[in-house]
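Per chain, numbering begins at 1; letters A, B, ... match sequence-line order.
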Number of protein chains: 2
Amino acid sequence: MTTDQPGLRERKKAATREALSWAALRLAVERGLENVRVEDIAAEAGVSPRTYNNYFSSKAEAIVFRHRDRVRRAAGALRGRPATEPLWEALTRALLEPFGDTAEQPHPRWTAAVRLLLSEPALQAELWRGGAEEAQLAAAVAARTGTDPDRDLYPKLVAAAAMAAVKAANDQYLTADPPAPFQPLFTEALRLLAAGLPDPSTR
Amino acid sequence: MTTDQPGLRERKKAATREALSWAALRLAVERGLENVRVEDIAAEAGVSPRTYNNYFSSKAEAIVFRHRDRVRRAAGALRGRPATEPLWEALTRALLEPFGDTAEQPHPRWTAAVRLLLSEPALQAELWRGGAEEAQLAAAVAARTGTDPDRDLYPKLVAAAAMAAVKAANDQYLTADPPAPFQPLFTEALRLLAAGLPDPSTR
DNA sequence: GAAAAAGTTGCGCGCTACGCACTATTGCGC
DNA sequence: GCGCAATAGTGCGTAGCGCGCAACTTTTTC
């Protein structure tokens with residue numbers, strides 16, 4: 001079994017949350033964010049509007065949920081990497097685990113979803129709300145580098161920079177004229193970060 | 001005169017916008033974001049609630065306006081730096097221009113404002129909404145490095161990384177136990193970025 | 001199988017964001 | 001200066017959201 005000890009109840013909760021976030025994303029991609037009512041999302045997932053608000057406190061939150069979950073999983077993956085691995089290699093592999101799989105080659109659904117996230121300011125904003133996932137990532141970095149996630153600048157900066165790489169790579173993924181796969185863009189971004197972002201004009 | 005050719009009318013608009021953003025920030029710091037109505041902000045600035053919404057489309061937007069304006073000014077400052085200056089030196093100086101002045105030593109007002117921004121998820125989210133300022137910064141970086149702001153990954157990544165430095169430095173600025181001035185933290189963050197964020201445990 | 005705990009739902013309220021039409025103010029050409 | 005066009009400010013009305021509250025239903029536990 002892959003499940004730890006879920007408890008039948010928590011399973012249903014997770015399933016409902018998944019259904020809601022999928023429904024929200026699908027509807028928003030299809031008809032645009034403004035033309036989706038909370039009512040519609042709830043109906044799509046077979047729950048009442050009120051229940052919807054028990055899971056997500058805003059429309060945007062539901063849509064963005066899957067993306068934020070990726071960051072969360074990446075933080076977990078980073079904790080699982082062998083301690084002997086160099087930081088940036090571990091970081092790259094940990095981030096590729098949730099981000100790389102769906103994006104080996106440009107998939108229409110994925111592309112549409114990313115385009116939605118980047119085009120709607122409200123979603124862009126919601127992506128970083130609170131920054132809980134980023135904090136988890138920072139904590140994992142801290143554990144690996146022997147720094148303090150609260151008192152030291154380093155882990156926070158690394159986590160924020162990693163998120164910057166995700167953002168920039170996604171951005172590039174859309175505007176690339178000959179449609180390029182996501183993964184190389186992302187690894188390139190991380191590589192550039194680890195190399196100190198050298199000025200290409202003086203290279 | 002420092003003004004280009006403002007036109008008396010646009011001056012009043014700018015003044016009103018300033019008044020509104022100041023009022024919003026002040027009230028939010030004093031009584032917390034949730035206890036501030038749009039009505040209050042409008043009253044504080046001497047305009048009708050409806051007019052408020054002609055300037056800012058949300059409560060958070062008004063509060064965050066000053067901060068985003070700093071990034072905008074930094075982008076302009078970067079364009080004004082001499083072309084011979086190395087990228088990261090120019091970037092550091094450009095960013096310090098709007099960010100460094102008020103923060104040479106921990107000022108109670110400034111501290112309270114930063115704390116508000118970091119503690120309220122809604123404001124945190126609003127800070128990066130749309131990312132127009134970040135795009136301006138990327139454009140300035142592109143102009144300086146001979147890259148294309150649309151087609152190349154590099155300028156977007158540098159801009160996003162710079163914003164990450166702002167975020168991390170602000171974060172650190174608050175949690176530093178012996179209250180530390182902002183400027184050194186910020187320059188240190190940029191220095192680390194330019195150095196490729198080396199793992200401190202293997203140094 | 002019954003009590004307890006947790007999830008779901010309907011109702012209602014305060015607030016927000018914004019379209020629309022109207023009024024007041026400003027800028028500009030003469 | 002003067003009047004007209006353009007633009008900012010305002011009041012009103014509306015759709016929708018987020019959430020507290022108090023039932024009701026389902027699952028868990030003993």
Side-chain angles (χ1 to χ4, degrees), chain A residues 3-25 27-28 31-65 68 120-126 129-130, chain B residues 1 3-25 27-28 31-65 120-126 129-130:
Chain A
T3 58
D4 299 344
Q5 43 175 7
L8 207 156
R9 198 154 200 160
E10 301 181 9
R11 281 185 159 247
K12 285 192 79 171
K13 279 201 73 167
T16 306
R17 181 175 285 109
E18 285 281 314
L20 281 171
S21 68
W22 272 120
L25 180 58
L27 289 176
R31 38 171 117 157
L33 182 60
E34 337 221 353
N35 303 322
V36 180
R37 322 248 151 283
V38 168
E39 189 186 348
D40 304 330
I41 305 174
E44 184 88 0
V47 292
S48 77
R50 187 60 186 82
T51 297
Y52 169 87
N53 270 337
N54 287 345
Y55 284 89
F56 299 107
S57 60
S58 89
K59 221 190 315 182
E61 192 179 340
I63 298 176
V64 164
F65 170 72
R68 297 188 66 140
E120 289 284 354
L123 300 181
Q124 187 83 34
E126 191 70 23
R129 144 132 26 185
Chain B
M1 293 294 178
T3 59
D4 300 343
Q5 44 175 4
L8 208 155
R9 199 155 200 159
E10 301 181 9
R11 281 184 159 249
K12 285 193 78 171
K13 279 202 73 167
T16 307
R17 181 175 285 108
E18 284 281 316
L20 281 170
S21 67
W22 272 120
L25 180 58
L27 290 175
R31 40 171 115 157
L33 182 60
E34 337 221 354
N35 303 323
V36 180
R37 321 246 153 284
V38 168
E39 188 186 350
D40 304 330
I41 305 174
E44 184 89 0
V47 293
S48 77
R50 187 60 185 84
T51 297
Y52 169 88
N53 270 337
N54 287 344
Y55 284 89
F56 299 107
S57 61
S58 89
K59 220 190 315 180
E61 190 179 340
I63 297 175
V64 163
F65 170 73
E120 289 283 354
L123 300 181
Q124 186 83 35
E126 192 71 24
R129 144 130 28 183

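Put simply, A/Tyr55 has a side-chain N or O that comes within less than 4.0 Å of OP1 or OP2 on C/dT8. The shortest distance between the side-chain N/O atoms of B/Thr51 and the OP1/OP2 oxygens of D/dT10 is below 4.0 Å. Taking side-chain N and O atoms only, A/Lys12 has no distance below 4.0 Å to OP1 or OP2 of C/dG7.
Picking from C/dC15, D/dA8, D/dC17 the nucleotide with the shortest atom distance to the side chain of A/Arg37 gives D/dC17. With distances taken from any side-chain atom of B/Lys59 to the nucleotides C/dT16, C/dG10, C/dT25, the minimum falls on C/dT16.
A side-chain donor-acceptor contact under 3.5 Å links A/Arg68 to the backbone of A/Glu126. Using modelled atom types, one side-chain atom of B/Tyr52 and one backbone atom of B/Ser58 make a donor-acceptor pair closer than 3.5 Å.
In the interface, the side chain of B/Arg50 is not paired with the base of D/dG9 through any donor and acceptor atom under 3.5 Å apart.
When rounded to the nearest whole Å, the span between OH of A/Tyr52 and P of C/dG7 equals 18 Å. In this structure, CZ of A/Phe56 is placed 22 Å from P of D/dG16, rounded to the nearest angstrom. For the pair A/Lys13 NZ and D/dT26 P, the computed distance is 18 Å after rounding to whole Å. Atom CZ in B/Arg17 sits roughly 12 Å away from atom C1' in D/dA8 (whole-Å rounding). The interatomic distance linking A/Asp40 (CG) with D/dA15 (C1') rounds to 14 Å, in whole Å. Nucleotide C/dC15 holds its C1' atom 12 Å from the CG atom of B/Asn53, rounded to whole Å. Atom CZ of B/Arg11 and atom C1' of C/dG27 are 15 Å apart (whole Å). The CG-C1' distance, from B/Asn54 to C/dT16, rounds to 14 Å in whole Å.
In this structure, CG in A/Leu20 is found 11.5 Å from CD1 in A/Ile63, a value given to the nearest 0.5 Å. The CD atom of B/Glu39 sits 12.5 Å away from atom CD of B/Glu44, with the distance rounded to the nearest 0.5 Å.
Figure legend: B/Lys13 and B/Tyr55 shown as a cation-pi pair, the cationic atom lying under 6.0 angstrom from the six-membered ring centre and within 45 degrees of its axis.
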